[in-house]
Amino acid sequence: MSTPEAFMRRAIEISREKMRSDGSAPFGCVIVKDGVIVGEGVNNVVNNHDATSHGEVEAIRDAGRRLKSWDLSGCELYTTCEPCEMCVASMFWAKISRMYYANTLKDCTEIGFDLEPLKQMVRSEVEQRTLPAERLLASEAREVLDEWAASPSFNAFQ
């Protein structure tokens, strides 16, 4: 049986390996279920031309494919850096049971990678965000939500 330190070393190893081999950002992640790695990912934002291609998100996607489930309850996530708000939200939706991290967001700030603007945007009310937003067709969209909520198979967290 592997230890938490061994799983974190694997996350660090893949972050270093992919950073050196293909220029990925050095953020690696592994997901473990019952002592076995079921998902791995690295930050491939630039290589994949995908702003959501963070290590945690990629590892969640990998684990979901391997386990054939979006529900990762009982899984532990090991990431080389404290996650951003998007990755925390992904962990919430995937129902990750526990997270281990190595670097902090403060460590990132110290090397010039500051996520404070993201934190402020996410924690602000939609009307107060720096990203302009306008509500459109609310009643039409609400009809779809109401139809979903009234269906016999409704489960808000499905």
Side-chain angles (χ1 to χ4, degrees), residues 1-126 128-133 145 148 153-158:
M1 183 172 174
S2 289
T3 64
E5 290 80 8
F7 294 129
M8 185 62 76
R9 281 190 182 96
R10 174 63 184 157
I12 293 167
E13 176 187 337
I14 62 174
S15 75
R16 178 180 286 123
E17 176 185 306
K18 295 304 266 177
M19 178 188 68
R20 289 177 176 173
S21 69
D22 65 14
S24 297
F27 303 103
C29 181
V30 299
I31 296 180
V32 174
K33 184 164 180 121
D34 300 325
V36 176
I37 293 176
V38 295
E40 294 187 341
V42 297
N43 183 304
N44 267 311
V45 168
V46 173
N47 294 336
N48 290 345
H49 314 289
D50 177 357
T52 68
S53 186
H54 290 200
E56 296 89 346
V57 172
E58 291 298 333
I60 288 169
R61 290 172 180 164
D62 187 35
R65 283 189 295 268
R66 290 188 200 191
L67 297 174
K68 298 186 181 350
S69 177
W70 63 270
D71 184 346
L72 302 181
S73 297
C75 290
E76 298 174 337
L77 184 144
Y78 295 80
T79 180
T80 60
C81 189
E82 177 185 354
C84 72
E85 280 75 2
M86 178 184 71
C87 293
V88 170
S90 298
M91 286 183 257
F92 170 84
W93 289 113
K95 299 186 177 188
I96 295 293
S97 296
R98 183 174 180 94
M99 176 190 75
Y100 296 88
Y101 65 99
N103 293 311
T104 66
L105 291 178
K106 184 176 184 244
D107 294 328
C108 291
T109 301
E110 289 172 1
I111 65 164
F113 190 66
D114 185 10
L115 294 179
E116 187 63 27
L118 170 64
K119 180 175 156 185
Q120 292 306 315
M121 181 186 288
V122 169
R123 294 181 182 190
S124 298
E125 295 296 324
V126 69
Q128 298 169 343
R129 293 180 184 157
T130 56
L131 176 69
L145 273 181
W148 180 45
S153 62
F154 175 72
N155 179 344
F157 289 96
Q158 59 181 358

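- If you take NE2 on His54 and SG on Cys84, they are separated by 5.0 Å, rounding to the nearest 0.5 Å.
- Remark: the backbone N or O of Gly28 is paired with a side-chain donor or acceptor of Thr80 at under 3.5 angstrom.
- Closest approach of Ala102 and Met8 over heavy atoms only: N-CE, 3.9 Å.
- Between the side chains of Ser53 and Glu58, at least one donor N or O sits under 3.5 Å from an acceptor N or O.
- A donor-acceptor distance shorter than 3.5 angstrom exists from the side chain of Glu82 to the backbone of Leu105, with no hydrogens or angles considered.
- Rounding to the nearest 0.5 angstrom, the gap separating the CZ atom in Phe154 from the CG atom in Leu145 is 8.5 Å.
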For this session: Test side chain to side chain contact (heavy atoms under 4.5 Å, CB included) on Thr52 and Arg61 and set out the steps.
Result: CA-CA 11 Å; Thr52 68; Arg61 290 172 180 164; 3.0 Å; yes
Under 3.5 Å, sequence neighbours excluded: what are the donor-acceptor pairs made by side chains of residues 92-101?
| from | atom 1 | to | atom 2 | distance (Å) |
| --- | --- | --- | --- | --- |
| Ser97 | OG | Gly74 | N | 2.6 |
| Arg98 | NE | Tyr100 | OH | 2.9 |

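- Counting non-hydrogen atoms of neighbouring residues, nucleotides and ligands closer than 6.0 angstrom, the CZ atom of Arg66 exceeds 12 such neighbours.
- Nearest approach of Glu56 to Cys87, heavy atoms of both residues: OE1-SG, 3.2 Å.
- The minimum heavy-atom distance between Gly41 and Ile14, with the atom names listed, is O-CD1, 3.6 Å.
- Within the 4.5 Å cutoff, no side-chain heavy atoms of Val32 are placed close to those of Ser2.
- Atom CD of Glu85 is separated from atom CD of Gln120 by 9.0 Å, given to the nearest 0.5 angstrom.
- Across every non-hydrogen atom of Pro83 and Met91, the tightest pair is CG-CE, 3.2 Å.
- Taking a 6.0 Å sphere around CZ of Arg9, one finds it holds 12 or fewer heavy atoms contributed by other residues, nucleotides or ligands.
- Checking side-chain atoms of Asn43 against main-chain N and O of Gly55 turns up no donor-acceptor pair under 3.5 Å.
- Panel note: side chain Asn47, backbone Asp22; a donor-acceptor pair is recorded below 3.5 Å.
- Taken to the nearest 0.5 Å, the CG atom of Leu115 stands 6.5 Å off from the OG1 atom of Thr109.
- Annotation: the span from Lys119 atom NZ to Asp114 atom CG amounts to 9.5 Å, rounded to 0.5 Å.
- Between Cys29 atom SG and Phe7 atom CZ the span is 12.5 Å, to the nearest 0.5 Å.
- When every heavy atom of Ile31 is checked against every heavy atom of Cys75, the shortest pair comes out as CG2-CB, 3.7 Å.
- Between the Lys18 side chain and the Phe27 main chain, no donor and acceptor come within less than 3.5 Å of each other.
- No donor-acceptor pair under 3.5 Å is formed between the side chain of Asp62 and the backbone N or O of Ala59.
- Side-chain contact check for Asn44 versus Asp50: every heavy-atom pair is 4.5 Å or farther apart.
- Side-chain atoms of Asp71 and Ser69 include no donor-acceptor pair closer than 3.5 Å.
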